[in-house]
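See below for the structure under consideration.
In what follows, chains are A, B, ... by sequence order, proteins preceding strands, each numbered from 1.
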Amino acid sequence: MVRTRFAPSPTGMLHLGAARTALFNWLYARHHGGEFVLRIEDTDRERSTREAVEAILEGMRWLGLESDQDPFFQSHAMLRHQEVAWELYHKGMAYKCYATPEEVEAMREKARAEGKPPRYNGLWREKEPGAAQENQPFVLRFKSPQTGETVIQDLVQGEVKMQNELLDDLVLLRSDGTPTYMLSVVVDDHDMEITHILRGDDHLTNTFRQYHLYQAMGWEIPQVAHIPLIHGQDGGKLSKRHGAVGVGAYREMGILPEAMANYLLRLGWGHGDEEVIPQDRAIELFDTDGLGKSPSRFDLTKLMHLNGIYLREAHDTELAGYVKELLEKQGVALDKGQQALLERAMPGLKVRAKDLNELADSALVYFKSPIELLDEKAEKFLTPENLEMLEKFANVAQAQEAWDHEVLEQAARDFAEAEDLKLGKVAQPLRAKLTGRTISPSVFEVMELLGKEESLKRLRAVL
RNA sequence: GACCCCAUCGUCUAGCGGUUAGGACAUCACCCUUUCAAGGUGGAAACACGGGUUCGAUUCCCGUUGGGGUCGCCA
């Protein structure tokens, strides 16, 4: 059975790249009817924080990427990792290295100077510790093969080769006895029976070193797929200087999780001409053959476009729920009647918004008075002549028996004709007076939803 | 610096030896229109370069250039 994992280290926000990796792993498992698990790689206790774990879980929940098991914390498996390290040692596949960090650094410098890859030179590989090493600190290093080449079959990159002499003897246990990342991932992926690893291609070179660890333990090697990283607009690795990199920030920008997931899916993965791919369709289509080999740039504009699409297709009840919350945050509480109004107003509002914040703001015309909302552009429409004209129109409106947008629009058309005005010359001042803004859904729709009483009240109010 | 990876419109991508090189975002024009959106129609826009292989290369191979990644007792 297919089993994938997402293994973030909890040192900050849920990065967009990480979110995409999580999404791919989740989709791969779902597509193949397998399982998806979350492993928190918190072995660096200096940098790992409780808040970061929360942010990751929160982000995953938001994106709808539920895992099939409770999150596994790597730090809890430390004993197991050490056990494997010592097993390797007893099998003669690892050795104690007494070189100090300074000595190792010197080796690197020397190699660098010789134009070779900076690496540990294997000083203690065959050397037996003498009396001088008694009670001295040491690290446990893995005996990496020094000759031949390693070939891995990557689901995305294809066949990738590496000369083994380029690999140095990686540290398995630090001088304080704690396991390193390189050891822990391998042990955990094996113990958790992970069959497929989809991760950023910054891990590609690690794969060669991990390969030999699997071999040394006689373990089966999982399939790997290294996906190119997400870059910023300038082509560099996506980082803070490109703007928001945490999914939480996009949530706050009013992005719908469905849109975020769809956008992330299409960054580095494609299926013909399909652009709008909701979750169930994504599960149906996703596989590694659709993954691209070249890095892609993050484009906020396209994300926003997709958000608009999902916004328009979203259920009015759902959107009204989001908006209600956002309005409450700004201190605008809605009673039951207003909530119903909000939902009815949604079709007219959602086609005009590109994110939830805009949507919430546009809904204000129904809940705040024109005086409160009045902006400069709208004010310009409220000239003495226009106000006079609107007074006349108020009488026309009041005379209407039925109160719906069609009737009102026809009344406005007739009125405009009688006054020898274009409809726009009536509608725009009307909008300004009614909403305090120059942008809103159809004024006639606004009037219908506001109701006759409220509409006339606003129309006749002295600003 | 060494090693590894990548290279189609500005961006995301389709293409898997023979296509008028397709779609989407953005952009421009027009239409619709009470504003703003949405929508409709149309336009401009790409195979990085140089060698091969082949009857024929965007597609296969090599090199150049450009970009990215990795070289920790971080993960």
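- Atom NE2 in His81(A) sits roughly 19 Å away from atom P in C73(B) (whole-Å rounding).
- The backbone N or O of Glu275(A) lies less than 3.5 Å from a partner atom in the side chain of Asn262(A), making a donor-acceptor pair.
- Every ring-ring contact (aromatic ring centres under 6.0 Å, His included) that Tyr89(A) has, sequence neighbours left out, goes to Trp86(A).
- Base pairing of G18(B): its partner is C55(B), meeting the Watson-Crick or G-U wobble criterion (both donor-acceptor distances under 3.5 Å).
- A 3.5 Å limit on both hydrogen-bonding distances identifies C71(B) as the Watson-Crick or G-U partner of G1(B).
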Scan the side chains in residues 416-424 of chain A for donor-acceptor partners under 3.5 Å anywhere in the protein, sequence neighbours excluded, and list what turns up.
| unit_1 | atom_1 | unit_2 | atom_2 | d |
| --- | --- | --- | --- | --- |
| Glu419(A) | OE1 | Lys392(A) | NZ | 3.1 |
| Glu419(A) | OE2 | Lys392(A) | NZ | 3.4 |

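- Between Phe6(A) atom CZ and A75(B) atom C1' the separation is 12 Å, expressed in whole Å.
- The gap from the C1' atom of G52(B) to that of U59(B) amounts to 15 Å, rounded to the nearest Å.
- For the pair Tyr310(A) (side chain) and Ile255(A) (backbone), a donor-acceptor distance under 3.5 Å is absent.
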Protein-nucleic acid N or O pairs under 3.5 Å, nucleotides 59-66 of chain B:
none

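- Taking the C1' atoms as reference points, U64(B) lies 28 Å from C55(B), given to the whole Å.
- Distances from the side chain of Leu267(A) to the nucleotides C12(B), C5(B), C73(B) place C12(B) closest.
- Side-chain contact, His405(A) with Ser442(A): no donor N or O sits under 3.5 Å from an acceptor N or O.
- Checking side-chain atoms of Lys452(A) against main-chain N and O of Gln400(A) turns up a donor-acceptor pair under 3.5 Å.
- Among the atoms of the strands shown, none is found under 4.0 Å from any heavy atom of Ala378(A).
- Pair check for C49(B) finds G63(B); Watson-Crick or G-U wobble, both atom distances under 3.5 Å.
- For His315(A), the ring-ring contact (aromatic ring centres under 6.0 Å, His included) test picks out no residue, with sequence neighbours left out.
- Residue Arg141(A) has a polar side-chain atom (N or O) positioned under 4.0 Å from OP1 or OP2 of C73(B).
- Under the 4.0 Å criterion applied to side-chain N and carboxylate O atoms, Arg344(A) and Glu448(A) are not assigned as salt-bridge partners.
- Across all strands, Met162(A) comes closer than 4.0 Å only to sugar-phosphate atoms, never to a base (heavy-atom distances).
- When distances are taken from the side chain of Asp202(A) to each of C12(B), A7(B), G69(B), the shortest belongs to G69(B).
- Between Glu149(A) atom CD and C4(B) atom C1' there is a gap of 13 Å when expressed in whole angstrom units.
- Proximity note for Arg297(A) (side chain, C-beta onward) versus U11(B), C73(B), C5(B): the nearest is U11(B).
- Per the geometry, CG belonging to Asp168(A) stands 16 Å off P belonging to C3(B), to the nearest Å.
- Side-chain atoms of Asp375(A) do not come within 3.5 Å of backbone N or O of Arg437(A) as any donor-acceptor pair.
- Looking at heavy-atom distances under 4.0 Å, Pro228(A) makes no contact with the nucleic acid at all.
- Residue contacts for Gly308(A): at a heavy-atom cut-off of 4.0 Å it reaches no nucleic acid atom on any strand shown.
- Per the geometry, CG belonging to Asp169(A) stands 14 Å off C1' belonging to C73(B), to the nearest Å.
- Distances from the side chain of His203(A) to the nucleotides A75(B), C3(B), G68(B) place A75(B) closest.
- Looking at heavy-atom distances under 4.0 Å, Val171(A) makes contact with sugar-phosphate atoms alone, never a base.
- Here the separation of G10(B) from U53(B), taken at their P atoms, is 32 Å to the nearest Å.
- Sparse packing is recorded around NZ of Lys425(A), with 12 or fewer heavy atoms of other residues, nucleotides or ligands lying under 6.0 Å away.
- Distance noted for atom C1' between C71(B) and C60(B): 32 Å (whole Å).
- Residue Val37(A) comes nearest to Ser67(A) through the heavy atom pair CA-CB, 4.2 Å, listed as atom of the first residue, atom of the second, then distance.
- Only the C1' atoms considered, A26(B) is 25 Å distant from U20(B), to the nearest whole Å.
- In this structure, Gly270(A) and Leu204(A) both approach RNA chain B, and ranking their closest nucleotides by distance from the 5' end singles out Leu204(A).
- The nucleotide U11(B) finds its pairing partner in A24(B), both defining distances of the Watson-Crick or G-U wobble pair being shorter than 3.5 Å.
- With C1' as the reference atom, G18(B) and A57(B) are 9 Å apart, rounded to whole Å.
- Between C4(B), C6(B), U11(B), one nucleotide has an atom nearer to the side chain of Gln157(A) than all others, and that is C6(B).
- When the P atom of C6(B) is taken as reference, atom CG of Leu291(A) falls 14 Å away, rounded to whole Å.
- For G72(B), neither phosphate oxygen OP1 nor OP2 lies less than 4.0 angstrom from any side-chain nitrogen or oxygen of Arg209(A).
- For the 3.5 Å distance criterion, the side chains of Thr207(A) and Arg199(A) qualify, holding a donor opposite an acceptor.
- Looking at Asp169(A), its side chain does come within 3.5 Å of a backbone N or O of Ser144(A) through a donor-acceptor pair.
- If you take CG of Leu238(A) and C1' of G67(B), they are 16 Å apart, rounded to a whole angstrom.
- Between Trp269(A) and Phe286(A), the distance from one ring center to the other falls under 6.0 angstrom.
- With 3.5 Å as the limit, one finds no donor-acceptor pair spanning the side chains of Arg413(A) and Gln410(A).
- Both Trp269(A) and Pro179(A) sit near RNA chain B, but only Trp269(A) has its closest nucleotide nearer the 5' end.
- Leu229(A) comes within contact range of the sugar-phosphate backbone alone, with a heavy-atom separation under 4.0 Å but no base atom that close.
- Taken residue by residue, residues 40-53 of chain A places heavy atoms nearer than 4.0 Å to RNA chain B at Glu41(A), Thr43(A), Asp44(A), Arg47(A).
- Nucleic acid contact for Lys161(A): sugar-phosphate only, since backbone atoms but no base atoms lie under 4.0 Å from a heavy atom of the residue.
- Atom name C1', nucleotides A46(B) and G22(B): the rounded distance is 12 Å, in whole Å.
- Atom pair His226(A):NE2 and U70(B):C1' shows a separation of 11 Å (rounding to whole Å applied).
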Whether each nucleotide of nucleotides 22-45 of chain B has a protein heavy atom under 4.0 Å at its base (B), only at its sugar-phosphate (S) or at neither (-) is summarised, 5' to 3', as BBBSS-------BBBBSS------

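- Using atom P as the reference point in both C16(B) and C73(B), the two lie 47 Å apart (nearest Å).
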